[in-house]
Q: 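The structure follows.
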Number of protein chains: 2
Amino acid sequence: MPTTTKEPTYEIGQFAGIVGLSAPTIRYYENQGLLKARRTANGRRYFTEQDIKWVKFLLHLKGTGMSINDLKKYVTWRAEGDSTIPYRLDLLKQTKADFMEEYRQVQHHLQILNDKIDWYEAKESGKDTGKEPFADYLKQVGHEE
Amino acid sequence: MPTTTKEPTYEIGQFAGIVGLSAPTIRYYENQGLLKARRTANGRRYFTEQDIKWVKFLLHLKGTGMSINDLKKYVTWRAEGDSTIPYRLDLLKQTKADFMEEYRQVQHHLQILNDKIDWYEAKESGKDTGKEPFADYLKQVGHEE
DNA sequence: CTACAACTTAAAGTGAACTTTAAGTCAACT
DNA sequence: AGTTGACTTAAAGTTCACTTTAAGTTGTAG
């Protein structure tokens, strides 16, 4: 008794929905060479579970700051086989380094944003109490660099 | 003995250098209403230490994800006085909420990136030893969502 | 068998945030 | 006084990552 359940396939619309992109974006990615779609006899694209995993992986890389162009490089090298692993590794490491740098800066930006929110909240609550000991506090939180 | 040291002022190029933007970008920001420049008798812009602080603050907000349009709203409300503080606070809080959401996602993306780097490094070091116990490891780190 | 939704293509359009260009004015140095 | 570099403007151009359009084909439900 063959329990060979055939792997499900998806047309572009369904596939797009699953990976959280639009159908045109999927076509765009295919044109950019980031993914390749199988075709039915009538020329319609269809995708597999593997494709879902692949796109999700690409989106993770993209989410760390890799541009479409970076992804293209990666995909091209990947297609060229194991000899390009050092290039791919360098690219990923550089991506990580850039990410970490951005991360640090963004932490600082968040700090300032939080300070400002606190500042406004203190000011608002002060408005209600009628008191205003905020002139000093104001200076204190005056964003020095 | 008057120690009244006059506050230094900067022309657009110097100012741009200090805040880390280009002169055209400063002009662009001024056109967008994000900052206002004083002018000399001859129509040249000049900027003060206050302007430096202001732009740096804007860049911190921008760095947390606020668009030029968001910044415009903020600046407009700010110019309208204390009555708009609730709007400004809402905008900053929403910015923070969006930021935190993005932050969470990006943490996950980084995790995947790190996994992949580890995976490539394991593969590379494996190539040198000649051993290959990586088939299993490979599957383990096969990015499930 | 006829709707109608979902697919196909190539090409043009969009929005965000600048950047570049062109033509001109002005300040500072030798 | 002349050259050079920094400024002035408005407008057009650039880049990125899609999105929209237009015209046509195909699969399915009634």
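Below, read A as the first sequence line, B as the second, and so on, with proteins coming before strands; counting in each chain starts at 1.
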Q: Starting at atom CG of B/Leu34, determine the distance to atom C1' of C/dC18, rounded to an integer number of angstrom.
A: 13 Å
Q: Between C/dC18 atom C1' and B/Leu59 atom CG, what is the distance in whole Å?
A: 13 Å
Q: For B/Lys73, what residues pass the side chain to side chain donor-acceptor pair (under 3.5 Å) criterion, not counting sequence neighbours?
A: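 So B/Lys73 forms no side chain to side chain donor-acceptor pair (under 3.5 Å) with any residue.
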Q: Among all residues two or more places apart in sequence or in another chain, which pass the salt bridge (Lys or Arg N to Asp or Glu O under 4.0 Å) test with B/Arg88?
A: none
Q: Can you tell me how far C1' of C/dC7 sits from CZ of A/Phe47, to the nearest Å?
A: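 Rounded to the whole Å, the gap is 11 Å.
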Q: Could you give all pairs that pass the ring pair (Phe, Tyr, Trp, His ring centres under 6.0 Å) test and reach residues 7-45 of chain B, with sequence neighbours left out?
A: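 Every ring pair (Phe, Tyr, Trp, His ring centres under 6.0 Å) pair that includes a residue of residues 7-45 of chain B, provided the two are not neighbours, is B/Phe15-B/Phe47.
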Q: Tell me, please, which residues at least two apart from A/Glu30 pass side chain to side chain donor-acceptor pair (under 3.5 Å).
A: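 Residues passing side chain to side chain donor-acceptor pair (under 3.5 Å) with A/Glu30: A/Arg45.
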Q: Quick one: are the ring centres of A/Tyr87 and B/Tyr120 less than 6.0 Å apart?
A: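 Not under 6.0 Å, so no.
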Q: Please report the distance, rounded to the nearest Å, between CZ in A/Phe15 and C1' in C/dT8.
A: 17 Å
Q: Strictly under 4.0 angstrom, non-hydrogen atoms only: write out the protein contact profile of nucleotides 5-19 of chain D, one letter per nucleotide from the 5' end, B, S or -.
A: -BSBB-------BBS
Q: Can you pull the side-chain hydrogen bond (donor to acceptor under 3.5 Å, both in side chains) pairs that have at least one residue in residues 16-26 of chain A, sequence neighbours excluded?
A: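 Checked against side-chain hydrogen bond (donor to acceptor under 3.5 Å, both in side chains) - neighbours excluded - the pairs reaching residues 16-26 of chain A are A/Ser22-A/Thr25.
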